Amino acid sequence: MRKYRIAVIKGDGIGPEIVDEAIKVLDAVSVKEGFELSYKEYLMGGAAYDVFEDPLPEETVEGAKEADAVLFGAIGGEKWDSLPRDKRPETGLLKLRKALGVYANLRPVVVYDELINASTLKPEVIKGVDLLVVRELIGGIYFGQPRALEEERAYNTMVYTKEEIKRIAKKAFEIASKRRGKVTSVDKANVLEVSQLWRETVEEVSKEYPEIALEHMYVDNAAMQLIRDPRQFDVILTGNIFGDILSDEASMLSGSIGLLPSASVGEKHGLYEPIHGSAPDIAGQGIANPVATISSAAMMLRFQLGEESAADRIEKAIKEVLHEGYRTKDLGDFDAKEIVTTNEMGSLIAQYASKD
Ligand code: NAD
């Protein structure tokens, strides 16, 4: 039997509630598809600080490295906001990404027909949107040297090596080959040298993927096209800062933060988490939407463990449950037949995903 070890980091706030639902669904599909998952829990963020006075204990890093994949909820909360930067929950997460070498951040955006009115954009513009942003995560201007904050001036440096561009480009082409076969590479090659190298290198890599259609787009145009006609995109490939901005813009096409999953992957490791935070305002009330985390678990099956059919089951089940009119409270205003709790939503998706 195929067996996988999952490192589970529930985190703070609603983290534990939503991760429990994802595990419920994973267990249901693994039984159906004939593989076995074992879970080991680790602490990170505020929960880890409370025990170890460290937001990322060494045993969490080791456990995450040893596992076949990491499933993560969310971290953070007011309680830890006044701690020095190196003790804050967010520092734990940034350090873990670096330690795992997860250089590619994948953010799919799917507009569900049933929730089309949840977006601020017109239904006719967003109906059928299904795109994925592939953002370089551990290079570019956020990490480039030199950097400085002086009295009268400050600067940062946008650096990319050819190797860094190649590996993220390959990731995007490989993913596109399993989707609709189109990559839009976003840069600012008309102004920045670093973008010129980006464009040339992406062109080079594209020769290894003749079946994929490649287009280049300037980032300012891409920001506009995402709102004007988002259906034109399949895979958007871009660097760290452009990807940061464009993926937040793209996430609003779907209208609800509680729905959107993400993956951060490298050569070996993968970290799967919802895009939202720990939502301390609703923690412990049983009203958090677990769909983003359940959807992240589906990405883990697809991208990390190669269990495509189990991932399909989960994604189909989410669509069906939404189609039936079940909504958690955050989506209660959008054609709801019944408002359900976090726990009930997880059970419904597990049940639909187990259907023959
Ligand atoms: P947030 O994403 O936690 O919440 C924003 C709003 O969306 C809140 O009103 C919240 O109730 C709602 N919301 C979020 N997820 C939801 C869900 N699954 N179901 C229903 N409603 C949901 O962002 P915030 O309030 O700015 O931050 C809260 C804490 O989370 C902070 O400490 C922040 O640093 C942290 N944070 C962590 C991550 C992460 O762990 N990756 C990401 C972003 C923010």
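In this chain, numbering begins with 1 at the start of the sequence shown. Ligands are counted one by one from 1 in listed order, and the atoms in each one are counted from 1 as well. All figures in this text were calculated on a predicted structure; none of them were measured in a lab.
Both the backbone and the side chain of Ile75 come within contact range of ligand 1, each with a heavy atom under 4.0 Å.
Within 4.0 Å of atom 25 (O) of ligand 1, not a single protein heavy atom is present. Protein heavy atoms are found less than 4.0 angstrom from atom 19 (N) of ligand 1.
Residue-ligand proximity, Ala74 to ligand 1, at heavy-atom distances under 4.0 Å covers atoms 40 (O). Applying the 4.0 Å criterion to heavy atoms of Ala288 picks out, from ligand 1, the atoms 19 (N). Less than 4.0 angstrom separates some heavy atom of Gly277 from each of these atoms of ligand 1: 1 (P), 2 (O), 3 (O), 30 (O), 36 (N), 37 (C), 38 (C), 42 (C), 43 (C), 44 (C). In the vicinity of Glu273, heavy-atom distances shorter than 4.0 Å reach the ligand 1 atoms 41 (N). Under a 4.0 Å criterion applied to the non-hydrogen atoms of Gly76, ligand 1 contributes the atoms 32 (O).
At under 3.5 Å, a nitrogen or oxygen of Ser278, whether backbone or side chain, sits near a nitrogen or oxygen of ligand 1.
Residues Phe35 and Tyr4 bring their aromatic ring centres within 6.0 Å.
Other residues, nucleotides and ligands contribute at most 12 non-hydrogen atoms within 6.0 Å of the NZ atom of Lys329.
Applying the side chain to side chain donor-acceptor pair (under 3.5 Å) test to pairs two or more places apart or on separate chains, those with a residue in residues 38-53 are Lys10-Glu41, Asp27-Tyr39, Asp50-Lys79, Asp50-Trp80.
Taking the six-membered ring where the residue is Trp, Phe173 and Tyr209 present parallel rings, their angle staying beneath 30° rather than reaching 60°.
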